[in-house]
Amino acid sequence: MSDLYGKSTVHLERMKSFGEDAEKVDVDTDEQMPASSPPASVSPEPSSSAIAGTDASNTCKQGRGKSRGKPGKDDTNSGGKRVSDLPLHGTVVSAHVGRNLNRLGHEGTLHIKGTGRILQSETNGNYVTIHPSKHIQDTRCEDTLKIARKRRPVTVDTSKAKTSLEALKLSIKQLKWKEFPLGRRTACDIYWHGVSFHDNEHIASGQVNKFPGMIEMLRKINLSRAMRTMQELFPEEYDFYPRSWILPEEYQQFFTQIRMVKKNDATVNSTFIVKPDGGSQGDGIYLIRDPGDLKPMAGSQAKQAVVQEYIQKPLLIDKLKFDIRLYVLIKSMEPLEIYIAKEGLTRFCTEPYQEPSQKNLSHVFMHLTNYSLNVHSSNFVHSDSQNTGSKRTLSSVLYRLAAKGVDIKKVWSDIISLVIKTVIAVVPELKVFYQADIPPGKPGPTCFQILGFDILLMKNLKPVLLEVNSNPSMRIEHEQEVAPGVFEYVPSPVDEEVKVGVIRDTLRLMDPGHKKPSVFQMRAGGFEHGGEIPMEAETQERSSDEGGALPSLCLKQVYPKYTKQFNYLRLLERIAVLFIRFLGVKGNMRLGPTAFRTFIRYGTPSICRSLFLPGGSQVQIPVAEGPGTVAAGAVRIPA
Ligand code: ADP
């Protein structure tokens with residue numbers, strides 16, 4: 001085990017204590033296993049061993065020659081209990097059955113179907129075989145396992161990975177998968193793109209790490225629009241996004257509203273932050289205190305901007321403002337599956353914070369947390385430690401806050417809620433983009449994507465969404481001034497720690513060997529049934545431990561896990577499905593995302609008004625399920 005593994009394990013164990021508890025969820029069985037166990041069962045090829053684990057378990061379970069079990073079968077034991085309900089501690093004695101324990105486990109004894117073997121747990125938590133009979137069937141299981149182990153490793157095309165290449169290479173190496181740095185003539189299992197879905201236009205199968213339309217959807221203006229729509233429908237639920245105006249089209253509204261507020265109460269002294277639409281890394285951002293201070297902007301592109309209420313009272317550490325970079329994986333859009341990395345980064349300002357005043361408005365090192373800006377400050381502290389310096393791990397900051405008596409469980413659960421609600425806000429339009437690029441019936445890859453959420457904690461600990469990055473930097477080096485004015489990229493242990501974990505575990509979750517056909521397949525613009533969604537991904541989260549060779553997953557499933565709490569917010573998605581079905585494709589004329597935006601903007605209030613009943617009651621609206629069918633889906637309507 002490399003140092004990196006050792007560090008990650010210790011680190012993630014620490015993370016577990018706040019992340020898991022905060023959510024009051026079942027404890028993952030894999031996470032309970034000591035990282036070093038069971039050495040005997042570790043396959044030289046993790047991906048193969050994962051396949052082997054699955055196949056062998058099914059073979060053993062079913063006692064017949066099939067190499068693949070039916071989807072979903074692995075999730076339950078004979079008593080119908082979910083694996084996640086079962087505590088499993090200690091090491092496993094029997095190497096190949098060991099992996100099956102995750103699926104079949106009972107506390108006490110385990111019957112391995114079709115083999116006649118019974119495993120019994122000892123008081124120390126280990127499992128021992130107490131009826132090692134029926135050698136023929138055992139041998140068959142082992143043969144199956146050996147064949148499965150020989151399966152080819154998962155292939156990854158890294159030729160378009162750009163700045164994420166270093167972290168990706170390390171991840172692939174840890175997984176013992178096969179990298180194709182120059183691409184491959186035949187298809188790969190996974191394609192890793194550095195920028196966009198369209199980095200490679202010739203992919204007909206496999207999985208790509210970008211969704212079509214994600215870049216467009218997450219630009220500042222489009223994100224603000226999507227959040228605004230949700231704020232209009234669910235104002236209380238979406239109060240984590242600062243009030244925003246889109247420039248130039250809403251300049252007059254902005255001007256009038258702010259002047260009016262000031263006229264009514266002269267003591268109001270709001271500050272606003274202006275962000276160019278296409279900008280990143282703090283480029284072109286400035287603060288104003290009066291609408292009249294908006295800078296005249298030249299050029300058609302430069303005119304597009306978002307002006308946003310500035311959060312004046314952020315939480316400070318060491319008197320410095322900081323923000324959180326959280327990595328979120330959209331594992332699938334249909335059905336919606338969201339994972340959050342338990343570890344993230346925090347980026348610190350380099351000049352002590354003061355509430356905005358006319359004097360300090362232009363102090364970027366005080367107000368903007370961007371690493372790319374602050375790295376040029378003489379106060380920037382490079383540190384190899386995770387809990388000092390200008391870039392720290394999220395866990396180190398949360399621990400520090402916990403030590404001060406902050407309820408970090410509440411903070412963490414508010415962050416999860418913010419993430420799920422934000423994803424729900426962007427998915428409807430994203431579906432329209434997706435449909436335009438990969439219409440049903442056209443061969444194409446499936447997509448997943450890692451997003452970077454930038455979150456600010458207010459002084460009262462409420463998380464606020466600043467923006468979502470479709471291409472969060474996955475660089476594991478940082479810029480350092482090696483001589484006056486000379487900058488070089490040097491390895492950054494904090495970045496490596498967090499980012500390699502996120503990429504590696506994303507790959508583990510996307511391992512085609514683990515992929516099970518979903519019960520909710522995309523059916524020509526269909527929508528999953530409005531009812532409860534089974535937590536099949538829970539098992540994937542657990543089963544991809546590759547025999548214990550790797551640290552437990554740093555990605556935590558939050559959706560569909562929390563479907564019940566958030567499903568009622570997915571109202572626009574139902575409308576998007578109707579749009580795609582009835583307007584999206586009409587002969588050769590396709591109405592795309594812009595038309596959908598207009599449709600939502602002008603159509604949603606009347607659609608919703610006709611659906612909404614007074615008093616926050618429930619209505620049944622049709623939910624498209626597949627061609628020619630509709631199913632009822634309950635939507636909670638805000639009062
Ligand atoms: P960019 O994509 O250019 O980084 P952001 O929206 O992330 O743009 O803003 C840059 C920085 O400005 C953030 O990291 C944060 O420190 C600060 N910031 C952005 N919006 C707000 C806000 N509404 N209130 C307070 N600070 C903000």
Side-chain angles (χ1 to χ4, degrees), residues 214-228 231 238-247 254 258 269-289 297 301-302 304-317 319-328 344-357 360-377 380 390-392 394 397 418 422 451-473 475:
M214 190 68 92
I215 295 181
E216 292 83 350
M217 190 56 232
L218 295 180
R219 283 171 77 102
K220 291 179 172 64
I221 286 184
N222 283 343
L223 178 67
S224 289
R225 275 211 181 98
M227 299 305 284
R228 164 106 50 93
Q231 283 174 331
Y238 281 83
D239 67 351
F240 57 85
Y241 190 69
R243 208 148 53 111
S244 307
W245 295 261
I246 291 155
L247 299 180
F254 172 60
I258 302 311
N269 226 346
S270 317
T271 303
F272 302 92
I273 181 163
V274 187
K275 314 180 191 183
D277 185 40
S280 64
Q281 306 187 330
D283 271 355
I285 290 185
Y286 63 98
L287 304 186
I288 56 169
R289 310 207 84 194
M297 291 182 259
Q301 281 299 325
Q304 304 274 317
V306 167
V307 57
Q308 193 171 74
E309 209 176 328
Y310 185 74
I311 306 299
Q312 308 217 35
K313 293 183 191 301
L315 182 72
L316 305 180
I317 289 184
K319 299 191 175 125
L320 300 170
K321 176 176 171 178
F322 67 96
D323 78 346
I324 297 169
R325 161 56 59 86
L326 197 69
Y327 297 96
V328 171
L345 294 168
T346 50
R347 289 92 48 104
F348 281 71
C349 278
T350 43
E351 186 182 332
Y353 185 78
Q354 287 167 11
E355 282 195 30
S357 67
N360 69 32
L361 278 192
S362 59
H363 291 210
V364 288
F365 298 149
M366 176 189 286
H367 292 294
L368 307 187
T369 49
N370 298 80
Y371 158 80
S372 50
L373 295 174
N374 284 281
V375 74
H376 299 289
S377 155
F380 191 91
S390 299
K391 200 188 254 186
R392 309 179 194 174
L394 172 60
V397 165
L418 173 154
T422 305
L451 304 175
F453 274 63
D454 290 351
I455 295 167
L456 190 72
L457 287 182
M458 286 168 50
K459 200 174 174 185
N460 64 6
L461 299 168
K462 185 179 164 54
V464 168
L465 178 70
L466 299 179
E467 75 158 345
V468 187
N469 285 277
S470 56
N471 280 316
S473 162
R475 262 192 197 281

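As a basis for the values below, the full set of heavy atoms in this structure was taken, side chains included, without hydrogen atoms, waters or symmetry mates. Sequential numbering from 1 along the given sequence is applied to the chain's residues. Counting starts at 1 for both ligands and their atoms, following the listed order.
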Legend entry - Side chain Asn370, main chain Ser372, donor-acceptor under 3.5 Å: no
Check ligand 1 against the protein and report each N/O to N/O distance under 3.5 Å, formatted as atom name, atom name, distance.
unit_1, atom_1, unit_2, atom_2, d
ligand 1, 2 (O), Lys220, NZ, 2.8
ligand 1, 2 (O), Glu467, OE1, 3.4
ligand 1, 2 (O), Glu467, OE2, 2.5
ligand 1, 3 (O), Gln281, N, 3.3
ligand 1, 3 (O), Gly282, N, 2.7
ligand 1, 4 (O), Gly282, N, 3.4
ligand 1, 4 (O), Asn370, ND2, 2.7
ligand 1, 6 (O), Lys275, NZ, 2.8
ligand 1, 7 (O), Glu467, OE2, 3.2
ligand 1, 14 (O), Asp323, OD2, 3.3
ligand 1, 14 (O), Thr369, OG1, 2.8
ligand 1, 16 (O), Thr369, N, 2.9
ligand 1, 16 (O), Thr369, OG1, 2.6
ligand 1, 20 (N), Lys275, NZ, 2.9
ligand 1, 23 (N), Gln308, OE1, 3.0
ligand 1, 23 (N), Glu309, O, 3.0
ligand 1, 24 (N), Ile311, N, 2.9
ligand 1, 26 (N), Lys321, NZ, 2.9

Legend entry - Those residues that, when tested against Phe322, pass ring pair (Phe, Tyr, Trp, His ring centres under 6.0 Å) (two or more places apart): Phe348
Inset, instruction - Return the minimal non-hydrogen interatomic distance between Tyr327 and Ser473, and the atom names on each side. - result: OH-O, 3.9 Å
Inset, instruction - Indicate yes or no: at least one non-hydrogen side-chain atom of Ser377 is less than 4.5 angstrom from one of Glu351. - result: no
Inset, instruction - Verify whether the ring centers belonging to Tyr371 and Phe380 lie closer than 6.0 Å. - result: yes
Legend entry - Atom CD of Gln281: over 12 foreign heavy atoms under 6.0 Å: no
